[in-house]
There are 2 protein chains.
Amino acid sequence: MTSEVMVEGTGAGRILQGMKVEQPSRVGVLLREWRQRRRLSQLDLANLADTSARHLSYVETGRAQPSRAMVLRLSEALDIPLRERNTLLLAADYAPAYRESGLDEEYMSSIRAAIDTMLTAHEPYPAVLVDRLWNVLAGNRAMAVLMDGIPPHLLEPRPNVFRLALHPDGLASRLANLGEVRTLFLQRLLRQVNATGDEALRSLYDEVRRYPAPMGGETEGPGEGEHGPSPIQVPLRIRTPYGELSMFSTMATFGAPADVTLSELAIELFYPLDEFSTKALHALGEWSS
Amino acid sequence: MTSEVMVEGTGAGRILQGMKVEQPSRVGVLLREWRQRRRLSQLDLANLADTSARHLSYVETGRAQPSRAMVLRLSEALDIPLRERNTLLLAADYAPAYRESGLDEEYMSSIRAAIDTMLTAHEPYPAVLVDRLWNVLAGNRAMAVLMDGIPPHLLEPRPNVFRLALHPDGLASRLANLGEVRTLFLQRLLRQVNATGDEALRSLYDEVRRYPAPMGGETEGPGEGEHGPSPIQVPLRIRTPYGELSMFSTMATFGAPADVTLSELAIELFYPLDEFSTKALHALGEWSS
DNA sequence: CGACTCAATGACGTCAGAGGTCATGGTGGA
DNA sequence: TCCACCATGACCTCTGACGTCATTGAGTCG
């Protein structure tokens, strides 16, 4: 997995012939748009946001880079929707500050139909709806293949993808390639923890990490294993009474993929990796319907 | 769609009883981990990154917040994989700086099989592989329903989701709810443009925006239409010779959803919204195979 | 135990840049 | 013509990133 340099900052204040050339700067333009939309003068907004009109002017024209706090204050004063505030922050080269929420609320119900459609349309392949913490909120019938025989204490408050997959009482014992899976899963979870700093996620990580690893040279924690370019995709090889099923999974979200907003829920879609698994899943699907 | 405040910054330097309490700060911890992994002393790294050991110590312990440039320089000196550098930036409350790339390269081919599996497994529903700029790189057979009768000039260098959907010679004329679709599509594209500042995306936006809108009160550009909480999900209602198909789409990506890295490619999955569409797509699928 | 490495940190300094205040001049609408 | 609005210059403050130098204290190793 290679990567490449992106836009290198916002591009404001580029040096040219020893002279700073002020470019409008994305935040500046965006803030101005919002202000005009609200029909406020720079002075009005400045008062509202408790800053000076002078500085605001400079920010809008790109002669000054607003601090993160300033961006947030202005957003607040302009009463900009949270989702757009994230856009502003990104435009100013700061990390987004808000995440979507409200799965439990109307949001979820408004797309409930879509979710159900997806889940059932994906049959006979397994699919689950998960929240930010990887809790399983719903699943289709094909999930039975995976959930079969999972002891209740793993479903307790609510099943969790990581616990299900890596807990010794869960799928772990049935995974033919537990080592691989465990490594990749933990790695991903850790990255997510580090990127978001979410405490709940961290404690999930701490818990899951303690689950026993399969024998064989364990690359302990994040420690040694040289984060190297990890294989984005790792198969899930599950031993079942019908034979070994090979699958991989992807995450489907609503909205654009580059939507840097940390999305609150996603659907994990499993796909078969080989002919046998495909047929087996189809057969199981027929049988159970 | 509601949102909620996130972690409110990194949490470093919280005020307590009028005294600053320095918390380890995520970046600090992460940087230290990387440095130790590289078996460098603070002094060594400081020299490599052309900074002072003193400051580095402060950064690691969270007594100082590194600037974006400093984070990047340290990452460089530590030879941290780009993907992880993004994690560091986020941990320091800065916007990520790198994006994944290399679809054309080995990356694509390494997951080529997975992509093919997904595309065909999704039949008889349409699905396409798109890149960052929404160019269509592959599609399954069910896409024929959508691509049918699209003039070659829209497929020219390479078909593009937005051009296909909104160009008058494209799907636009067949969309029963072009107005809605157009509004949502443009809105999303605009957000993406603003968040990423990507020039290529911006010019795509500028182009697509000029396409004729259907009659009826057009909420011009980003101007008036009060960005309000837009409906995350909008159906695509397409008139076909077989009747009107209703579908919605979601984006599937590889890797975690909260992976703030701007992903380079994604798969757009279409799902039927009603009984009729479901049956029609299945029937068409049967027929064409 | 002395020599050495390494990390933390105090004292002190520089400097860029965010952000403020006051004033001016230029625009365009009423 | 008056005024609201904006850009901008002159000038100021202050925070905080970051530098240098020196000290201390905790290992570690011969």
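Chain A is the first sequence line, chain B the second, and so forth, proteins listed ahead of strands; every chain is numbered from 1.
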*Asks:* Would you say D:dG16 has OP1 or OP2 under 4.0 Å from some side-chain N or O of B:Ser67?
*Replies:*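 Checking B:Ser67 against D:dG16: no side-chain N or O falls below 4.0 Å of OP1 or OP2.
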*Asks:* Take the protein atom CD of A:Glu33 and the nucleotide atom C1' of D:dC6, then report the distance between them rounded to whole Å.
*Replies:*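 After rounding, the gap between these two atoms is 17 Å.
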*Asks:* Measure from CZ on B:Arg39 to P on D:dT28 and round the result to the nearest Å.
*Replies:*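 One finds 14 Å between P of D:dT28 and CZ of B:Arg39, rounded.
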*Asks:* Could you give the distance from OG1 (B:Thr196) to CG (B:Leu201), rounded to the nearest 0.5 Å?
*Replies:*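 Those atoms lie 5.0 Å apart.
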*Asks:* Roughly how many Å is it from CG in B:Asn47 to P in D:dG19, rounded to a whole number?
*Replies:*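 Taking atom P of D:dG19 as the reference, CG of B:Asn47 is at 11 Å.
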*Asks:* Within the 4.5 Å heavy-atom criterion, are B:Val208 and B:Leu204 side-chain neighbours or not?
*Replies:*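 Answer yes - side chains close enough.
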*Asks:* Identify each atom pair where a protein N or O and an N or O of nucleotides 6-12 of chain C are less than 3.5 Å apart, giving names and distance.
*Replies:*
from: C:dA7; atom 1: OP1; to: B:Arg35; atom 2: NH1; distance (Å): 2.6
from: C:dA7; atom 1: OP2; to: B:Gln42; atom 2: N; distance (Å): 2.6
from: C:dA8; atom 1: OP1; to: B:Arg32; atom 2: NH1; distance (Å): 3.2
from: C:dA8; atom 1: OP1; to: B:Arg32; atom 2: NH2; distance (Å): 2.6
from: C:dA8; atom 1: OP2; to: B:Arg32; atom 2: NH2; distance (Å): 2.8
from: C:dA8; atom 1: OP2; to: B:Gln42; atom 2: NE2; distance (Å): 2.5
from: C:dA8; atom 1: OP2; to: B:Ser57; atom 2: OG; distance (Å): 3.4
from: C:dG10; atom 1: OP2; to: B:Arg63; atom 2: NH2; distance (Å): 3.0
from: C:dG10; atom 1: N7; to: B:Arg54; atom 2: NH1; distance (Å): 2.9
from: C:dG10; atom 1: O6; to: B:Arg54; atom 2: NH1; distance (Å): 2.6
from: C:dA11; atom 1: N6; to: B:Arg54; atom 2: NH1; distance (Å): 2.5

*Asks:* Do the numbers put A:Arg209 on top of the ring of A:Tyr211, so that NZ or CZ is under 6.0 Å from the six-membered ring centre and no more than 45° off the axis?
*Replies:*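 Not flagged: A:Arg209 not positioned over aromatic ring of A:Tyr211.
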*Asks:* Let me know the distance between CE of A:Met70 and C1' of C:dG17, rounded to the nearest Å.
*Replies:*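 Atom-to-atom, A:Met70 to C:dG17, this comes out as 12 Å.
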*Asks:* Find the distance A:Leu56:CG to C:dG20:P and express it as a whole number of Å.
*Replies:*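 From A:Leu56 CG to C:dG20 P: 10 Å.
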*Asks:* Is there side-chain contact between B:Asn86 and B:Leu89, with heavy atoms separated by less than 4.5 Å?
*Replies:*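 Yes, at least one pair of side-chain atoms sits under 4.5 Å.
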*Asks:* What nucleic acid atoms does B:Ser52 come within less than 4.0 Å of, heavy atoms only: base, sugar-phosphate, or nothing?
*Replies:*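 The answer is base, as B:Ser52 lies within the cut-off (heavy atoms under 4.0 Å) of a base atom.
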*Asks:* Check the distance between D:dC6's C1' and A:Leu45's CG and give it to me in whole angstrom.
*Replies:*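 Taking atom C1' of D:dC6 as the reference, CG of A:Leu45 is at 13 Å.
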*Asks:* Please determine if B:Asp198 and B:Arg132 form a salt bridge, counting it only when a charged side-chain N lies under 4.0 Å from a carboxylate O.
*Replies:*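 A salt bridge is present here (some side-chain N lies under 4.0 Å from a carboxylate O).
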*Asks:* Will you find, in the side chains of A:Ser203 and A:Asp206, an N or O donor that is under 3.5 Å from an N or O acceptor?
*Replies:*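 No donor-acceptor contact under 3.5 Å links the two side chains.
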